[in-house]
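A short write-up of the structure that comes next.
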Amino acid sequence: MSQREPRSQARSSTDHTLAHWLAAEDEGEDAGRLDPDNRLTCHVHGRWIHQCVSSPLHVNPVTRHRWCRACETELPVAVDELARTVTMRCPRCNQGISAATARLLAACRASLSHVSGKARPRLVA
Ligand SMILES: [Zn+2]
Ligand SMILES: [Zn+2]
């Protein structure tokens, strides 16, 4: 209850871009123009999807996002920001990718490459 200071708000231009995308995707989704699975941002966590996809909130046994039905277990996420890769694989059967998980993976890869493309620091002379 005491953590109300907006400490980490508006740190960098990356955050500004994120806020912009979040708002635009919220709007597109509300208008039915954007499929929630195709979002690069997460409206629950207020982050890029690859930054919060490892949260348990992104596991859904019903839609099978990050869920292996055969093993009834969640798929861990490995995000490599340097290599720009995102992988999800069931620790038991080594597979477990559903259509929903495949779309989630595609969104994570897209958000990761979007951020790494934009976030490349400019050389200041
Ligand atoms: Zn999230
Ligand atoms: Zn499995």
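For ligands, and for the atoms within them, numbers begin at 1 and follow the listed sequence. FYI, side chains are in, hydrogens and waters are out, and symmetry mates aren't considered; it's all heavy atoms of this structure. Model, not experiment: these values are computed from the prediction.
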Going through the distances and angles, do Arg103 and Asp35 end up as a salt bridge (charged side-chain N to carboxylate O under 4.0 Å, His left out)?
CA-CA 10 Å; Arg103 282 197 296 273; Asp35 188 304; 5.3 Å; no
Around atom CZ of Arg64, are there more than 12 heavy atoms from other residues, nucleotides or ligands closer than 6.0 Å?
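Result for CZ/Arg64: enclosed.
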Residue pair Thr101 / His65, side-chain donor-acceptor N/O under 3.5 Å
no
Going by atom types only, do Arg39 and Thr41 share a side-chain donor-acceptor pair under 3.5 Å?
yes
Strictly under 2.8 Å, is any N, O or S atom of His58 next to the Zn ion (ligand 1)?
yes
Degrees at the Zn ion (ligand 2) between the SG atom of Cys68 and the SG atom of Cys71, nearest 10°
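Vertex the Zn ion (ligand 2), arms to SG of Cys68 and SG of Cys71: 110°.
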Atom name of the N, O or S atom in His45 that lies nearest to the Zn ion (ligand 1):
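Nearest N/O/S atom: ND1.
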